[in-house]
Amino acid sequence: MNTLTVELSGEKVKEMWDKRLTEILCDICIKEILKGNRSGTHFTKDGWLKIMTNFEKETDKAYSQRPPKSR
């Protein structure tokens, strides 16, 4: 199990990133690839929006493709 730092309401929080969350994210990404929401090696803006929205719906956790800014 790994930790991931996410930003919630402007506050950085460490989140446990386990096998279940990884599998959910991978499944959502595969669905978006099959829908054509990936141009080359990157997801489209619409693809990322759907990934983040569906991940939050399935897990009650917000996900952003942007890593936290280092200080």
Side-chain angles (χ1 to χ4, degrees):
M1 195 173 328
N2 295 318
T3 59
L4 174 72
T5 303
V6 294
E7 194 166 320
L8 298 172
S9 303
E11 196 173 314
K12 290 181 182 173
V13 177
K14 287 202 181 211
E15 185 69 41
M16 296 308 292
W17 193 258
D18 60 14
K19 183 180 176 183
R20 182 184 74 84
L21 292 177
T22 302
E23 288 174 352
I24 290 170
L25 180 62
C26 288
D27 288 343
I28 292 169
C29 288
I30 289 167
K31 288 176 187 172
E32 291 307 312
I33 291 168
L34 295 174
K35 290 178 186 176
N37 287 324
R38 188 178 79 163
S39 59
T41 60
H42 299 81
F43 285 99
T44 62
K45 279 187 175 185
D46 186 50
W48 268 119
L49 179 62
K50 289 179 181 177
I51 289 168
M52 291 184 290
T53 301
N54 289 328
F55 185 81
E56 188 170 355
K57 282 180 188 174
E58 290 191 36
T59 65
D60 289 329
K61 296 178 185 294
Y63 174 78
S64 171
Q65 77 271 28
R66 293 186 184 131
K69 293 179 182 176
S70 57
R71 293 180 180 209

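Because only heavy atoms are used, hydrogens play no part in the values below, and waters and symmetry mates are left out as well, while side chains stay in. One is the number of the first residue; the rest follow in order along the sequence. On a predicted model such as this, the values are computed, not experimentally measured, just so you know.
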Kindly write out the residues that satisfy side chain to side chain contact (heavy atoms under 4.5 Å, CB included) with Lys35, not counting sequence neighbours, or none if the list is empty. Glu32, Asn37
With sequence neighbours excluded, tell me which residues meet side chain to side chain contact (heavy atoms under 4.5 Å, CB included) with Ile24. Arg20, Ile28, Phe55, Glu58, Thr59
Spacing of [X] atom [atom1] and [Y] atom [atom2] [to the nearest 0.5 Å]:
| X | Y | atom1 | atom2 | value |
| --- | --- | --- | --- | --- |
| Lys31 | Ile51 | NZ | CD1 | 12.0 Å |
| Glu23 | Lys19 | CD | NZ | 5.0 Å |
| Met52 | Leu25 | CE | CG | 11.5 Å |

Examine Phe43 and Leu49 and state if one hydrophobic cluster contains both, with Ile, Leu, Val, Met, Phe, Trp and Tyr joined whenever side-chain heavy atoms are less than 4.5 Å apart. no
Only pairs at least two apart or in different chains count here, so list each salt bridge (charged side-chain N to carboxylate O under 4.0 Å, His left out) that has a residue in residues 44-53. Asp46-Lys50
